[in-house]
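Comments concern the structure below.
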Amino acid sequence: MRAVIVGGGIIGTMHAVLAVEAGYEVVHIERDARPLSASIRNFGLVWVSGRAAGPELEIALRARQLWEEIGSRAEIGFRPQGSLTIAQTEAEFEVMRAAAVMPDAHDRGFRILDRAQVQAHEPVLQGKFVGALECTKDAAVEPSLLLGGLRNYLASHEKYTWMPNFEVVDFYHDETGNHVTDINGHKVSGELMAICPGSAHQGFLSEFLDGAPLRRVHLQMGATVPFGATLGHSIADADSMRYYPAFKDLALDTLAPQEPIAAQYKMQLLLVPRLDHTFTIGDTHEYEEPFSHEILEAPYDHLRNVISAIFGAPAPTIARRWSGNYSQLIGADGVYYRRELAPGAVVVTGGGGRGNTISPAIAEETINSWPK
Ligand SMILES: Cc1cc2nc3c(=O)[nH]c(=O)nc-3n(C[C@H](O)[C@H](O)[C@H](O)COP(=O)(O)OP(=O)(O)OC[C@H]3O[C@@H](n4cnc5c(N)ncnc54)[C@H](O)[C@@H]3O)c2cc1C
């Protein structure tokens, strides 16, 4: 049976991986010569720690397991490096202690580390902090390797065809199956179809997505020059607890207000050590469209100040800056957006800031719903 996957981002590519492995013939379509959207602009975090209790945590844990398995078959730089959310004040540490005894804390691999224990893991952290919340379930993949690595793996399967430079402008269903066409009328057909457009909600999808509970979110990111020492964990500051739903019922109101610049741009520090010894750092969040077309410098100054305070040393220079958009499900039940367009055809997007994390489990849900 033939499955057409539209979208070369991580959600489309995970559909291709799991569909090929399940024995389907797969044609994988992408509008660009190589994907350029959210999936190559992110941190590469497989971030279990911040997920809301219940279905969101469950899908993240299933995805974490799938990442480990897929990471052993494909060159994607998967590493189960865990994370440290750093408490710079006693009030922050107190909230983390409460997080570490939540009913699902064990599932998340949460553990409280005092300052000496943090430094035993990460001697390079010499700044002002009192301790950290460790999450042993968090992991990371390398965004620069991820999609190419998965496509290299897919290329070893006879039943996989990669079709870049094909921008879908129309979708229709008839008695022979599901069809997409490009502007020149070229048609690709299959009994099964998963359209994974990321934040491209408009165009041929407008008729299906207008009024859907989806929004786009715009973020600023950066990467430093190589750092002289290695880190074995991803690092977050305590501001991250304000944004991740795992912590929403804890005493966040006991925390000092965010720095004005961090509050203005809805910021947290996330820092992910890369295989090339650089750090990916971010991020800001903008929710109102039209988004700013400019990359603003002030948020980077804030990130460098936080890094410097935690490391107790000047933050490494930022070598690259970029921005990106993701699609997020809002105001509706569910962890991501799925809609049937016709028998055998779905659109899947809206994974939000956890779209990379949960992508293999999203794809698994689609493939499990297909006829064998
Ligand atoms: C800056 C940033 C940091 C993030 N950090 C993380 C993180 O660390 N961890 C995490 O879990 N999540 C993170 N996210 C979220 C995550 O990156 C996204 O949820 C995820 O990448 C979305 O994947 P996707 O495949 O749905 O979309 P995309 O990556 O946007 O891919 C969609 C693809 O579909 C193609 N396409 C669209 N329309 C058409 C068409 N008409 N015809 C053909 N092709 C088409 C596009 O060209 C694109 O390649 C972050 C997002 C951003 C922006």
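Numbering of ligands and ligand atoms starts at 1, following listing order.
Every atom of ligand 1 is numbered from 1 in the order shown, and the set under 4.0 Å from a heavy atom of Arg41 is 1 (C), 2 (C). Per-residue contacts place Phe43 under 4.0 angstrom from the following atoms of ligand 1 (heavy atoms of the residue considered): 5 (N), 8 (O). Counting the atoms of ligand 1 from 1 in the order shown, those under 4.0 Å from a heavy atom of Phe204 are 41 (N). Listed by atom number, the atoms of ligand 1 under 4.0 Å from Gly44 heavy atoms are 8 (O). For ligand 1, the atoms sitting less than 4.0 Å from at least one non-hydrogen atom of Gly7 are 33 (C), 34 (O), 35 (C), numbered in the order shown with element in parentheses. Atom numbering of ligand 1 starts at 1 in the shown order; those under 4.0 Å from a heavy atom of Met221 are 1 (C). Interface of Glu167 with ligand 1, defined as ligand atoms under 4.0 Å from a residue heavy atom, comprises 42 (N). The distance from ligand 1 to the heavy atoms of Ala200 drops below 4.0 Å at these ligand atoms: 37 (C), 38 (N).
Evaluated by nearest non-hydrogen atom to atom 19 (O) of ligand 1, the leading choice among Ser199, Gly351, Gly352, Pro35 is Gly352. Looking at Ser39, Gly9, Gly8 and measuring to atom 22 (C) of ligand 1, the nearest heavy atom belongs to Ser39. Considering each of Pro197, Ala63, Gly324, the one bringing a non-hydrogen atom nearest atom 53 (C) of ligand 1 is Gly324. The heavy atom nearest to atom 6 (C) of ligand 1, out of those in Thr13, Leu270, Asn42, is found in Asn42.
Residue, atom and distance of the protein heavy atom nearest to atom 9 (N) of ligand 1 are Leu45 O, 2.9 Å. The protein non-hydrogen atom at the shortest distance from atom 30 (O) of ligand 1 is Ser37 CB, 3.0 Å. Atom 27 (O) of ligand 1 has as its closest protein heavy atom Gly198 CA, 3.2 Å. Taking atom 13 (C) of ligand 1 as the reference point, the nearest protein heavy-atom neighbour is Gly353 O, 3.3 Å. Atom 25 (O) of ligand 1 has as its closest protein heavy atom Ile11 N, 3.0 Å.
Side-chain contact check for Tyr24 and Glu191: no donor-acceptor pair (N or O, by modelled atom type) lies under 3.5 Å. Side chains of Tyr265 and His285: a donor-acceptor N/O pair is absent below 3.5 angstrom, by distance only. The closest side-chain donor-acceptor pair between Ser83 and His233, if any, does not fall under 3.5 angstrom. A side-chain donor from one of Ser234 and Gln81 sits under 3.5 Å from a side-chain acceptor of the other. A donor-acceptor pair shorter than 3.5 Å cannot be found between the side chains of Ser189 and Arg2. No side-chain donor from either of Thr278 and Thr224 sits under 3.5 Å from a side-chain acceptor of the other.
The shortest N or O to N or O distance between Asn356 and ligand 1 is under 3.5 Å. Residue-to-ligand polar distances place Ile10 within reach of ligand 1: an N/O pair is separated by less than 3.5 Å. Ligand 1 has no nitrogen or oxygen under 3.5 angstrom from a nitrogen or oxygen of Leu219. Residue Arg31 has at least one N or O atom closer than 3.5 Å to an N or O atom of ligand 1. By the 3.5 Å distance cut-off applied to N or O atoms, Glu30 is counted among the residues near ligand 1. Residue Val6 has no nitrogen or oxygen atom sitting less than 3.5 Å from a nitrogen or oxygen atom of ligand 1, judged on distance alone. Distances between N or O atoms of Val168 and those of ligand 1 include at least one value under 3.5 Å.
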Could you walk me through whether Arg79 and Glu142 satisfy the salt bridge (Lys or Arg N to Asp or Glu O under 4.0 Å) test, starting with their C-alpha distance in whole Å, then the side-chain angles of each, then the deciding distance to 0.1 Å, before giving a yes or no? CA-CA 9 Å; Arg79 43 201 191 279; Glu142 202 73 7; 2.8 Å; yes
Could you go through the salt bridge (Lys or Arg N to Asp or Glu O under 4.0 Å) check for Arg51 and Glu58 one step at a time? CA-CA 9 Å; Arg51 306 286 62 98; Glu58 279 162 31; over 6 Å; no
For Glu56 and Tyr336: C-alpha separation, side-chain torsions, deciding distance, then whether side chain to side chain donor-acceptor pair (under 3.5 Å) applies. CA-CA 9 Å; Glu56 187 176 318; Tyr336 63 95; over 6 Å; no
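Residue contacts with ligand 1, taken as heavy atom pairs separated by less than 4.0 Å, involve Phe166 solely via the backbone atoms N, CA, C and O. If you look at Asp32 next to ligand 1, the close heavy atoms, those under 4.0 Å, all belong to the side chain. Contacts of Asn325 with ligand 1, taken as heavy-atom pairs under 4.0 Å, involve the backbone alone.
Hydrophobic cluster membership differs between Val346 and Leu329, with clusters built from Ile, Leu, Val, Met, Phe, Trp and Tyr side chains linked at under 4.5 angstrom.
For Arg321 and Tyr300, the positive end sits near the middle of the six-membered ring, less than 6.0 Å away and at most 45° from its axis.
Note on ligand 1: Cys196 sits in its first shell, one or more heavy atoms being nearer than 4.0 Å. Residue contacts with ligand 1 leave out Trp322, since none of its heavy atoms falls under 4.0 Å from the ligand. Residue contact check for ligand 1: Tyr326 places a non-hydrogen atom closer than 4.0 Å to it.
No donor-acceptor pair closer than 3.5 Å links the side chain of Asp170 to the backbone N or O of Thr181. Here the side chain of Arg216 pairs a donor or acceptor atom with the backbone of Ser199 at under 3.5 angstrom. Arg108 places no side-chain N or O within donor-acceptor distance of the main-chain N or O of Lys137, the cut-off being under 3.5 Å.
Partner of Arg215 under the side chain to side chain donor-acceptor pair (under 3.5 Å) criterion, out of His201, Glu289, Glu288, Gln328: Gln328 alone.
For Tyr172 and Phe204, the ring centers are positioned 6.0 Å apart or more.
Within the 4.5 Å cutoff, the side chain of Val168 has no heavy atoms near those of the Ile195 side chain.
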